[in-house]
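In what follows, chains carry the letters A, B, and so on, assigned in the order in which the sequence lines appear, proteins first and then strands, with residues in each chain numbered from 1. Small disclaimer: the values here were computed from a predicted structure and weren't measured.
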2 protein chains.
Amino acid sequence: MKEGPDISRVATLIGDPARANILTALMTGVALTATELAVEAGVTPQTASGHLAELVDGGLLQVRKQGRHKYFALAHGDVAVALESLMGLASDVRRTRTGPKDIALRRARVCYNHLAGHLGVQMFASLTQRVFLRNDVDAPVLTDTGRAFVTEFGVDLAALDAMRAPLCRSCLDWSERRTHLAGSLGRAMLARMEELHWVQRDNQSRALIFNAQGTTAFEKAFPVG
Amino acid sequence: MKEGPDISRVATLIGDPARANILTALMTGVALTATELAVEAGVTPQTASGHLAELVDGGLLQVRKQGRHKYFALAHGDVAVALESLMGLASDVRRTRTGPKDIALRRARVCYNHLAGHLGVQMFASLTQRVFLRNDVDAPVLTDTGRAFVTEFGVDLAALDAMRAPLCRSCLDWSERRTHLAGSLGRAMLARMEELHWVQRDNQSRALIFNAQGTTAFEKAFPVG
DNA sequence: GAGATGCTTCGGTTACGGTCGAAGTATGAA
DNA sequence: TTCATACTTCGACCGTAACCGAAGCATCTC
């Protein structure tokens with residue numbers, strides 16, 4: 001009966017609506033303060049404080065104290081991956097409803113600081129198709145031509161290599177049910193697109209809004225066919 | 001605030017210990033009756049009945065009525081994948097404890113009817129290394145030499161192709177944190193190993209017990225290095 | 001038919017946990 | 001120092017949901 005890890009503990013943690021809202025808010029990858037998260041969750045600061053303590057204790061969040069603020073973020077990428085997979089199950093259930101906001105989210109959104117949604121899987125597919133990315137056993141690997149490509153694109157690979165975090169990771173997209181690029185390279189690619197003013201974050205949601213020239217440039221940079 | 005799919009609903013579903021036990025029991029891939037699951041969950045049949053209805057309603061389980069029995073199984077592979085990813089998070093927290101039963105589970109266990117654990121990822125790595133398996137964008141793909149290999153191994157590929165279910169899928173292993181082979185081929189490979197009497201299922205847990213000659217044969221069939 | 005077995009519905013109890021108000025502790029600003 | 005802001009602790013309230021006993025269907029066996 002007692003089998004492997006206790007799955008119900010962590011699921012209960014995610015199961016409360018307030019805590020789920022907190023986690024969802026942090027899926028963007030940014031760190032937020034306790035009060036910001038309280039607003040996001042729709043509860044008072046006292047209540048949020050309790051929830052946050054539980055989430056940290058449960059290993060889902062990490063916390064950094066800065067002056068009188070406390071910044072919370074997802075503990076690591078695995079948490080984001082697990083949350084996305086739960087979203088996949090959840091969206092399955094109510095596959096009927098597709099609000100207008102949903103459409104924007106499905107097209108492009110931020111997932112732990114990298115690009116997800118339709119455009120996210122398109123970029124991944126395009127990179128793979130041109131053998132800039134090779135899908136190895138565990139994780140995608142950037143090929144030599146791939147390294148040249150992303151450098152040309154404006155990403156400082158040396159800086160990324162210096163970081164201890166894995167360069168490439170794959171993440172299953174809940175809306176597309178296909179893989180997109182995560183890891184530090186995924187983050188860097190999105191950051192570069194923001195730098196190029198292709199895209200802007202919606203501060204109300206996880207949606208990413210590509211402007212006209214951004215869309216054109218994206219299609220040119222990451223063609224698929 | 002209202003973002004994408006409602007993650008808390010499905011997480012709450014998994015969060016109850018009784019329901020978590022039910023889901024974990026079904027991770028083997030076999031279908032079980034309501035009373036069997038009641039025993040597994042450690043609750044009375046009435047209580048289990050309610051839980052099962054909720055799980056079906058929530059889209060996590062599928063049910064088939066057969067005479068006066070009701071057989072329950074996971075709704076689809078995505079559920080198993082999501083559960084495994086949650087186990088990954090849960091095992092993170094209590095990384096200290098490693099019971100003797102845990103060791104067997106980590107070595108080899110059944111995950112939705114396919115081989116998981118250390119030996120599962122070894123098989124996957126071995127197949128990939130010899131280019132029997134190619135890791136494509138979304139899912140692994142069996143190469144031509146790979147088709148020859150598994151046929152030689154004793155798997156009826158024609159029968160699998162005829163099924164509508166995907167042949168190859170990858171599944172993230174919670175104990176190894178690496179990929180192993182899922183999909184109908186994954187199931188067929190394990191079935192064939194049972195047929196060859198390499199391995200036996202433990203009916204108390206998800207553990208798979210390889211006997212002496214099974215271990216030797218496995219190492220020979222799926223070398224890695 | 002009668003009896004057994006598998007599953008479900010109902011009602012009532014119980015307990016856990018989410019919530020907020022009020023008060024308390026840190027940190028920074030004036 | 002004094003005040004404001006950010007967060008936490010405490011206590012009390014309340015609602016939900018998990019649970020089981022008892023009774024009710026449905027299906028199979030004899």
Side-chain angles (χ1 to χ4, degrees), chain A residues 1-2 6-26 30-73 75 90 93, chain B residues 1-2 6-26 30-73 75 90 93:
Chain A
M1 193 161 103
K2 190 123 171 269
D6 183 11
I7 191 180
S8 70
R9 223 185 84 81
V10 57
T12 302
L13 233 37
I14 306 173
D16 176 76
R19 285 192 295 260
N21 283 338
I22 289 172
L23 290 167
T24 308
L26 293 174
V30 298
L32 296 174
T33 67
T35 17
E36 285 171 329
L37 288 169
V39 173
E40 204 70 40
V43 292
T44 58
Q46 311 94 290
T47 307
S49 176
H51 286 312
L52 290 168
E54 284 187 87
L55 288 170
V56 171
D57 185 58
L60 296 186
L61 295 187
Q62 62 178 131
V63 58
R64 195 181 25 144
K65 207 172 167 187
Q66 206 163 85
R68 57 180 164 178
H69 295 278
K70 256 184 158 179
Y71 283 93
F72 294 88
V93 177
Chain B
M1 195 160 100
K2 192 125 167 269
D6 182 10
I7 192 179
S8 71
R9 222 184 85 81
V10 56
T12 303
L13 232 37
I14 306 174
D16 177 75
R19 285 193 296 262
N21 283 338
I22 289 173
L23 291 167
T24 309
L26 293 174
V30 297
L32 295 174
T33 67
T35 18
E36 287 171 328
L37 287 169
V39 173
E40 205 70 39
V43 292
T44 58
Q46 313 92 290
T47 307
S49 177
H51 285 313
L52 290 167
E54 284 187 87
L55 287 169
V56 171
D57 186 58
L60 295 185
L61 294 188
Q62 64 178 128
V63 59
R64 195 180 26 141
K65 209 175 166 183
Q66 206 164 86
R68 55 181 164 179
H69 295 279
K70 258 184 154 178
Y71 284 92
F72 294 87
V93 177

- A/Arg19 side chain vs A/Leu13 backbone, donor-acceptor pair below 3.5 Å: yes
- Item | Minimum-distance pair of heavy atoms, taken over all atoms of A/Asp16 and A/His51 | OD2-CE1, 3.6 Å
- Query: Any idea which heavy atoms bring B/Asn21 and B/Glu40 closest together, and the distance?
  - Reply: CB-O, 4.0 Å
- Report yes if the side chains of A/Leu60 and A/Ile14 come closer than 4.5 Å at any heavy-atom pair, otherwise no. yes
- For atom CG of B/Asn21 and atom P of D/dC19, their distance in whole Å: 10 Å
- side-chain contact (heavy atoms from CB on, under 4.5 Å) partners of A/Gln46, counting only residues at least two apart: A/Thr44
- Message: So, OP1 or OP2 of D/dC7: does either fall under 4.0 Å of a side-chain N or O from A/Thr35?
- Response: yes
- Reading nucleotides 17-30 of chain C from the 5' end, what letters show protein touch, with B for base, S for backbone sugar-phosphate only, - for no heavy atom under 4.0 Å? -SSBBB----BS--
- Between the side chain of A/Thr24 and the main-chain N/O of A/Ala20, is any donor-acceptor distance below 3.5 Å? yes
- Assess whether side-chain contact (heavy atoms from CB on, under 4.5 Å) is satisfied between B/Leu37 and B/Leu26, documenting all intermediate values. CA-CA 9 Å; B/Leu37 287 169; B/Leu26 293 174; 4.1 Å; yes
- Task: Output every pair passing salt bridge (Lys or Arg N to Asp or Glu O under 4.0 Å) with a member in residues 41-51 of chain B, not counting sequence neighbours, ordered by first then second residue.
- Result: none
- For A/Ala73, side-chain contact (heavy atoms from CB on, under 4.5 Å) partners two or more places apart: A/Ala31, A/Gln62
- Query: A/Leu13 CG to C/dC16 C1': how many Å, rounded?
  - Reply: 15 Å
- Please state how far atom CZ in B/Phe72 lies from atom P in C/dC7, giving the value in whole angstrom units. 8 Å
- Query: Over how many whole Å does the gap from B/Tyr71 atom OH to C/dC7 atom C1' extend?
  - Reply: 13 Å
- Minimum heavy-atom separation for A/Pro45 to A/Thr35, with atom names? CG-CG2, 4.3 Å
- Item | Atom-pair distance (CG on A/Leu52; P on D/dT9), nearest Å | 12 Å
- Separation of D/dA17 C1' from B/Arg9 CZ (nearest whole Å): 15 Å
- Message: Five pairs per end, C1' atoms only: what is the angle between the end axes of the helix from C/dG1-D/dC30 to C/dA30-D/dT1, to 10 degrees?
- Response: 20°
- Drop me the distance from A/Phe72's CZ to A/Leu52's CG, to the nearest 0.5 angstrom. 4.5 Å
- Message: Just the rounded figure in Å: distance from P of C/dC7 to CD1 of B/Ile22.
- Response: 12 Å
- Query: In whole angstrom, what separates A/His69's NE2 from D/dC7's P?
  - Reply: 6 Å
Hey, what are the protein-to-nucleotides 11-14 of chain D N/O distances that come in under 3.5 Å?
none

